[in-house]
Amino acid sequence: MKPLLLEMTASGVWNKIWTVALALLFFGLMILLHEFGHFAAAKLFKVRVNEFSVGMGPALWKRRRGDTLYAVRLLPIGGYTAMEGEDTDSEDDRAFCKKKVWQRMVVVVAGAAMNLVLGLVLMAILLATSGELVGTNVIYSMYDGAVSAQYGLQADDRIVEIDGHRLWSPQDLTYLLSRSDDGVFDFVVERDGETVELPGVHFATEEVDGITLVHYDFSVVGEEPNFCNVFVHAFTESASVVRTVWLSIFDLVTGRYGLSQLAGPIGTMDIISDVTASAAAEGRAGDLLMLLAFITINLGVANLLPLPALDGGRLLFLVLEGIRRKPIPAKYEGYVHAAGMVLLLLLMLVVSLNDILRIARG
């Protein structure tokens with residue numbers, strides 16, 4: 001029995017190693033693409049880039065080419081494109097602070113834009129290669145004993161809104177139906193060419209580990225994938241993920257979800273690792289593509305939050321500069337971003353510790 005036990009243990013260790021390595025690769029590529037967006041936009045407007053780094057902390061590899069130091073660093077929790085005159089005044093004509101406001105806005109937004117584009121591409125690949133029908137917002141049939149049918153939902157209804165949120169894709173159905181505490185929703189549907197309001201539509205619910213799960217009791221119409229519907233649905237699914245991120249942030253701020261339910265870089269890589277292993281074992285590559293699309297869009301949206309040290313915080317200062325017709329002194333903006341970076345690192349530390357404890361508990 002010992003050789004078999006050792007073989008099983010070695011196999012388990014190897015499976016964990018390759019899935020974690022793949023997760024690191026995926027996460028690193030997302031960061032690389034984000035920073036490349038900043039880098040490419042900076043080069044486009046002839047901004048001097050002092051350093052282009054993937055990762056944080058001590059350098060594992062670095063090389064200087066021209067004015068730019070390229071580096072790969074130890075901790076795969078971020079990266080940066082350090083530009084001349086970004087946080088301080090500079091007399092260099094190629095300094096970030098010397099460029100026009102709209103050009104600096106493009107440079108700041110370019111990183112998040114690259115993540116959103118990657119998410120869109122992954123979504124399109126998923127829809128085109130899944131071998132499954134492309135979902136719609138039209139109800140195909142009600143399940144036997146469907147509770148929602150008793151409150152007005154019918155086959156052939158096109159669902160327009162749930163609780164005031166317009167549906168852009170089937171992704172919205174799953175997410176919006178998961179946000180209820182009681183399984184009761186206000187629907188707006190299109191029926192026979194008319195708009196029908198259905199307030200108080202009930203669904204069966206179940207409590208699992210203190211969380212209310214809503215039983216989805218109808219199926220939706222599917223379409224054979226083609227260029228047109230894949231193109232359209234890639235955009236609508238991506239837009240739905242963006243809104244999901246914003247609503248999740250709202251739920252976090254308002255206390256609907258606790259900080260313990262927030263995943264940091266370690267937790268994200270663990271999730272990618274688990275889904276990678278599951279996808280490999282069950283041949284469900286679509287699950288992995290969906291997760292990667294969700295994470296990269298999440299990364300893009302989160303970076304545009306108007307918070308110090310994030311791209312959105314820098315964008316906010318540029319908007320204020322455009323309104324005031326003069327820049328806020330670089331040293332004061334630098335102080336704000338430095339303070340924001342300290343708070344962000346503290347938050348990442350807390351979330352990472354929570355990730356480690358959650359993983360240790362299994």
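Position 1 is the first residue of the sequence, and the numbers go up from there.
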- prompt: So do V189 and E161 actually touch side chain to side chain, heavy atoms under 4.5 Å?
  reply: no
query: Transitive ILVMFWY cluster of V160 at side-chain heavy atoms under 4.5 Å: who else is in it?
result: V188
query: Do H34 and N303 have side-chain heavy atoms sitting under 4.5 Å apart?
result: yes
task: May I ask you to say whether E84 pairs ionically with K98, meaning some side-chain N is under 4.0 Å from a carboxylate O?
output: no
Contact check, side chains of M30 and L33, non-hydrogen atoms, under 4.5 Å: no
- prompt: Do the charged groups of D67 and R94 touch, with an N to O distance under 4.0 Å?
  reply: yes
message: Is the distance between the ring centroids of F203 and F185 under 6.0 Å?
response: yes
query: Can you find a pair of side-chain heavy atoms, one from F235 and one from H233, that are under 4.5 Å apart?
result: no
field: Plane angle bin for F231 and F227 - parallel if under 30°, tilted between 30 and 60°, otherwise perpendicular
entry: parallel
query: Got a salt bridge between R243 and D172, using NZ or NE/NH1/NH2 to carboxylate O under 4.0 Å?
result: yes
query: Can you get from W102 to V108 by hopping between Ile, Leu, Val, Met, Phe, Trp and Tyr side chains that sit under 4.5 Å apart?
result: yes
field: Sequence-distant partners of E91, side-chain hydrogen bond (donor to acceptor under 3.5 Å, both in side chains), two or more places apart
entry: none
query: According to a 4.5 Å side-chain heavy-atom criterion applied to Ile, Leu, Val, Met, Phe, Trp and Tyr, with indirect links allowed, do V121 and L292 form part of one hydrophobic cluster?
result: yes
message: In the structure I gave you, are the side-chain heavy atoms of I162 and D186 within less than 4.5 Å of one another anywhere?
response: no
message: Do V106 and V49 land in one hydrophobic cluster if side-chain heavy atoms of ILVMFWY residues count as linked below 4.5 Å?
response: yes
- prompt: Between E86 and R48, is there a salt bridge with N-O shorter than 4.0 Å?
  reply: no
Pair Y80, E51: side-chain N/O donor-acceptor within cut-off below 3.5 Å: yes
